[in-house]
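Let me begin by presenting the structure, written as structure tokens, before commenting on it.
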Amino acid sequence: MEKFANKSQKKRSCVCGVFTRAPRIKLDTDGRMQNEEDEEAELEVLAEFSHPVPWQKIEAQGLDLDYALLFSKEEADALFKQLEEEVMYSTGEEAKVQVFGKLHNIPRRQATYGDAGLRYTYSGRTHLACTWTPTLEYIRDAVTNATGHTFNFVLINRYRDGEDHIGEHRDDEKELDPVCPIASVSLGAARDFVLRHRDARGKRGARRLEPVKLQLAHGSLLLMNPPTNTFWYHSLPVRKKVRLPRINLTFRRILLISRGEEPANVWSL
DNA sequence: TCGTAATCAGGTGT
DNA sequence: GACACCTGATTACG
């Protein structure tokens with residue numbers, strides 16, 4: 001079993017940036033900067049993001065994860081507070097899910113943000129992405145600079161306390177770019193995160209593979225690299241002792257449609 | 001036809 | 001008793 005505590009972390013140079021301005025770095029699909037109108041400011045932000053992140057590698061059969069503390073406590077606190085003010089969560093029918101023919105209120109709150117016009121389908125429901133907020137852009141760019149990957153969509157889950165949870169599932173939607181990892185940023189209460197191999201699930205699990213358990217700390221980043229989501233289910237189980245909220249942001253790259261193709265679930269306007 | 005399901009509820013072990 | 005963990009449900013859909 002893997003377990004990580006909220007260890008000491010290298011402090012970033014400019015915690016205040018998140019309060020005062022939107023991120024200025026815009027990256028194209030190759031991760032290069034596009035807008036050079038405020039070059040000096042961009043260099044400043046790039047320097048802010050360029051501190052090496054101390055990654056920890058977690059591997060098993062078909063499992064490939066990278067874990068790091070991306071934000072200092074102070075910055076993570078500020079980001080959490082900003083998101084509490086900015087993010088608009090789904091309500092009504094959008095906050096329900098049908099499983100085994102029964103309609104349930106999902107045991108958490110969800111929101112979807114991303115590039116204009118992006119839609120994403122999961123649990124049988126299609127969600128239209130809201131436009132990026134400044135804080136989400138800041139976090140997205142920090143993740144991009146730490147990982148070298150660009151993202152056009154983020155699914156936000158807010159867990160009010162340890163009663164809120166998410167069951168075992170895979171993020172294996174067809175519209176996800178298969179070569180791009182899913183980047184999961186955690187803010188707020190630390191929660192256990194459990195991964196289980198698809199062949200080790202159920203009463204008659206075909207293989208004896210121990211589940212992998214992590215604790216996702218405030219300000220942490222977990223990268224789920226391919227082919228992890230093909231073979232491993234993940235969940236955030238109930239933890240009744242947890243009293244505080246947690247916000248989780250999973251950054252994804254959704255494939256855009258090329259001319260003439262018409263996947264049912266995703267399109268860009 | 002078959003596998004899967006971002007769920008809950010209930011049983012069991014610690 | 002509280003909690004963690006596991007299993008079954010039995011329907012809709014691709």
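Only heavy atoms go into these numbers, but all of them, side chains included; no hydrogens, no water, no symmetry mates. These numbers come from a predicted model, not from an experiment. Naming convention: chains lettered A, B, ... in sequence-line order (proteins, then strands); numbering from 1 in each chain.
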Atom [atom1] of [X] and atom [atom2] of [N]: how far apart are they, to the nearest Å?
X: R196(A); N: dA4(C); atom1: CZ; atom2: P; value: 15 Å
X: R170(A); N: dT7(B); atom1: CZ; atom2: C1'; value: 17 Å
X: R243(A); N: dC3(C); atom1: CZ; atom2: C1'; value: 12 Å
X: N105(A); N: dA9(B); atom1: CG; atom2: P; value: 11 Å
X: D164(A); N: dT7(B); atom1: CG; atom2: P; value: 11 Å
X: H165(A); N: dA9(B); atom1: NE2; atom2: C1'; value: 11 Å
X: I166(A); N: dA5(B); atom1: CD1; atom2: P; value: 12 Å
X: H169(A); N: dA5(B); atom1: NE2; atom2: P; value: 10 Å

Select one nucleotide: of [options], the one nearest the side-chain heavy atoms of [X].
X: K240(A); options: dA6(B), dC8(B), dA4(C); value: dA4(C)
X: V97(A); options: dT7(B), dC5(C), dT4(B); value: dT7(B)
X: R252(A); options: dA4(C), dC8(B), dA6(B); value: dA6(B)

Just to confirm, is there a sub-4.0 Å distance from OP1 or OP2 of dA2(C) to any side-chain nitrogen or oxygen of R239(A)?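 No, because none of the side-chain N or O atoms of R239(A) sits under 4.0 Å from OP1 or OP2 of dA2(C).
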Query raised in the report: Does a nitrogen or oxygen in the side chain of Y233(A) sit under 4.0 Å from OP1 or OP2 of dA5(B)?
Result: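 Answer is yes, contact under 4.0 Å.
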Will you find, in the side chains of [X] and [Y], an N or O donor that is under 3.5 Å from an N or O acceptor?
X: R170(A); Y: T230(A); answer: no
X: D64(A); Y: N225(A); answer: yes
X: S90(A); Y: Q110(A); answer: no

**Q.** W232(A) six-ring face occupied by R196(A) cation (under 6.0 Å, within 45°)
**A.**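 Geometry flag: not set, cation outside 6.0 Å or 45°.
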Margin query: What's P237(A) touching, base or sugar-phosphate or nothing? Going by heavy atoms closer than 4.0 Å.
Written below: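 No contact at all - P237(A) keeps every heavy atom at 4.0 Å or more from the nucleic acid.
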- Message: If the threshold is 4.0 Å, N to carboxylate O, is there a salt bridge linking R108(A) and D164(A)?
- Response: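 Result for this pair is no, no salt bridge flagged.
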#### Entry: Residues that A76(A) engages under side chain to side chain contact (heavy atoms under 4.5 Å, CB included), provided they are two or more places apart
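For A76(A) the side chain to side chain contact (heavy atoms under 4.5 Å, CB included) partners, ignoring immediate neighbours, are F71(A), L187(A), H218(A).
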Pairing string of DNA chain C (Watson-Crick or G-U wobble, both atom distances under 3.5 Å; | = paired to other strand) is .||||||||.||||
Original post:
Taking the six-membered ring where the residue is Trp, are the ring centres of H165(A) and Y159(A) under 6.0 Å apart?
Top reply: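 No, the ring of H165(A) stays outside the 6.0 Å limit from the ring of Y159(A), centre to centre.
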